[in-house]
Amino acid sequence: SGLRLGEAMKLRWDEGTAVVETIGDHLAIRFTEDGQKSRREELTPIAPEFEAMLNEIPENRRRGLVFDVSPLATRTDSASKRITAIGEAAHVVTARHPQTDKPSYGSAHDFRRAFCTRWSMRVPAPILKKMARHSDIATTYKFYADAEVGSVIDTIYGTTKKSSTTKTTTTRRKTAK
């Protein structure tokens with residue numbers, strides 16, 4: 001979804017600080033000033049995959065919280081700790097400290113980073129800025145600068161949809177001596 005953990009925990013079908021709304025044929029999220037990090041009211045589009053997931057929920061069940069995690073955690077910090085503990089138990093290492101080599105385990109924010117990384121290969125930076133609700137385009141550009149070479153090549157040559165059995169050939173030019 002690209003939502004921050006606290007935003008996802010507040011997301012509602014009805015009245016609240018972050019509410020799912022229908023805009024034309026699609027869903028969007030309306031944030032009040034208290035609903036997101038930037039403290040500004042905003043209507044933001046959602047990714048098609050997230051919209052498809054939300055559309056699977058029957059109309060008669062679309063009230064209250066979209067994600068009711070109250071049996072697991074009621075506060076963002078406790079939910080974050082639980083998600084990181086799951087990442088650690090599953091040995092999902094997302095980074096290592098450069099001096100100590102101590103691992104950082106998968107966290108809720110890693111889901112947001114993964115969302116931005118995936119979408120950076122699909123849309124221009126100003127669109128991703130809006131989807132991620134970054135206040136500064138420089139934050140958004142980090143996802144373009146950090147793109148892996150393989151992903152960039154796939155995007156340039158459109159190979160992401162091709163079969164993995166596609167053969168590639170490499171030719172070398174002979175240099176004159």
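Model, not experiment: these values are computed from the prediction.
- A47 and F115 make their closest contact through CB-CE1, 3.8 Å (heavy atoms, listed as atom of the first residue, atom of the second, distance).
- Nearest heavy atom pair, residue A28 against residue L43, reads CB-CD1, 3.8 Å.
- Between the S120 side chain and the T117 main chain, a donor and an acceptor come within less than 3.5 Å of each other.
- The distance from atom CZ of R133 to atom CE of M131, rounded to the nearest 0.5 Å, is 10.5 Å.
- R122 places no side-chain N or O within donor-acceptor distance of the main-chain N or O of L128, the cut-off being under 3.5 Å.
- A donor-acceptor distance shorter than 3.5 angstrom exists from the side chain of R62 to the backbone of I57, with no hydrogens or angles considered.
- Salt bridge E42/K130: present, at least one basic N to carboxylate O contact under 4.0 Å.
- When every heavy atom of T140 is checked against every heavy atom of A125, the shortest pair comes out as CG2-O, 3.5 Å.
- Using a distance-only test at 3.5 Å, with no hydrogens or angles considered, a donor-acceptor pair links the side chain of T84 to the main chain of S80.
- Remark: S107 OG to E88 CD distance equals 12.0 Å, nearest 0.5 Å.
- Atom OH of Y105 sits in a crowded spot, with more than 12 heavy atoms from other residues, nucleotides or ligands closer than 6.0 Å.
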Expected list for residues 18-27: side-chain donor-acceptor pairs under 3.5 angstrom, two or more places apart:
residue	atom	partner	partner atom	Å
E21	OE1	R30	NE	3.3
E21	OE1	R30	NH2	3.4
E21	OE2	R30	NE	2.7
H26	ND1	E51	OE1	3.1
H26	ND1	E51	OE2	3.3

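- Residues L11 and W13 fall within the same hydrophobic cluster, defined by Ile, Leu, Val, Met, Phe, Trp and Tyr side chains chained together at heavy-atom separations under 4.5 Å.
- Expressed to the nearest 0.5 Å, how far OG1 of T17 lies from CZ of R12 amounts to 8.5 Å.
- F111 and I86 are not part of a single hydrophobic cluster, where members link through side-chain heavy atoms under 4.5 Å apart.
- Residues H109 and I83 fail the side-chain proximity criterion, which asks for heavy atoms closer than 4.5 Å.
- Partners of S1 by side chain to side chain donor-acceptor pair (under 3.5 Å), not counting sequence neighbours: none found.
- Cluster annotation: L65 and V69 are assigned to distinct hydrophobic clusters (Ile/Leu/Val/Met/Phe/Trp/Tyr, side-chain heavy-atom contacts under 4.5 Å, transitive).
- Cluster membership check: L54 shares its hydrophobic cluster with F31, using side-chain heavy-atom separations under 4.5 Å among Ile, Leu, Val, Met, Phe, Trp and Tyr.
- Between the R75 side chain and the S78 main chain, no donor and acceptor come within less than 3.5 Å of each other.
- Hydrophobic clustering places Y141 together with V123 (ILVMFWY residues linked when any side-chain heavy atoms are closer than 4.5 Å, directly or through intermediates).
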- [ ] Verify side-chain contact (heavy atoms from CB on, under 4.5 Å) between C116 and K142, making sure each step is shown before the conclusion.
- [x] CA-CA 10 Å; C116 290; K142 288 178 187 176; over 6 Å; no

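- The heavy-atom pair separating F67 from A8 by the smallest distance is CD1-O, 3.5 Å.
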Only distances under 3.5 Å count here; give the side-chain donor-acceptor pairs of residues 91-99 to other protein atoms, sequence neighbours excluded, each with its distance to 0.1 Å.
residue	atom	partner	partner atom	Å
T94	OG1	S104	O	3.3
T94	OG1	D110	OD2	3.4
R96	NH1	D101	O	2.9
H97	ND1	Q99	N	3.1
H97	ND1	T100	N	3.2
H97	ND1	T100	OG1	3.4

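- One finds the NZ atom of K10 at 11.5 Å from the CG atom of L3 (value rounded to the nearest 0.5 Å).
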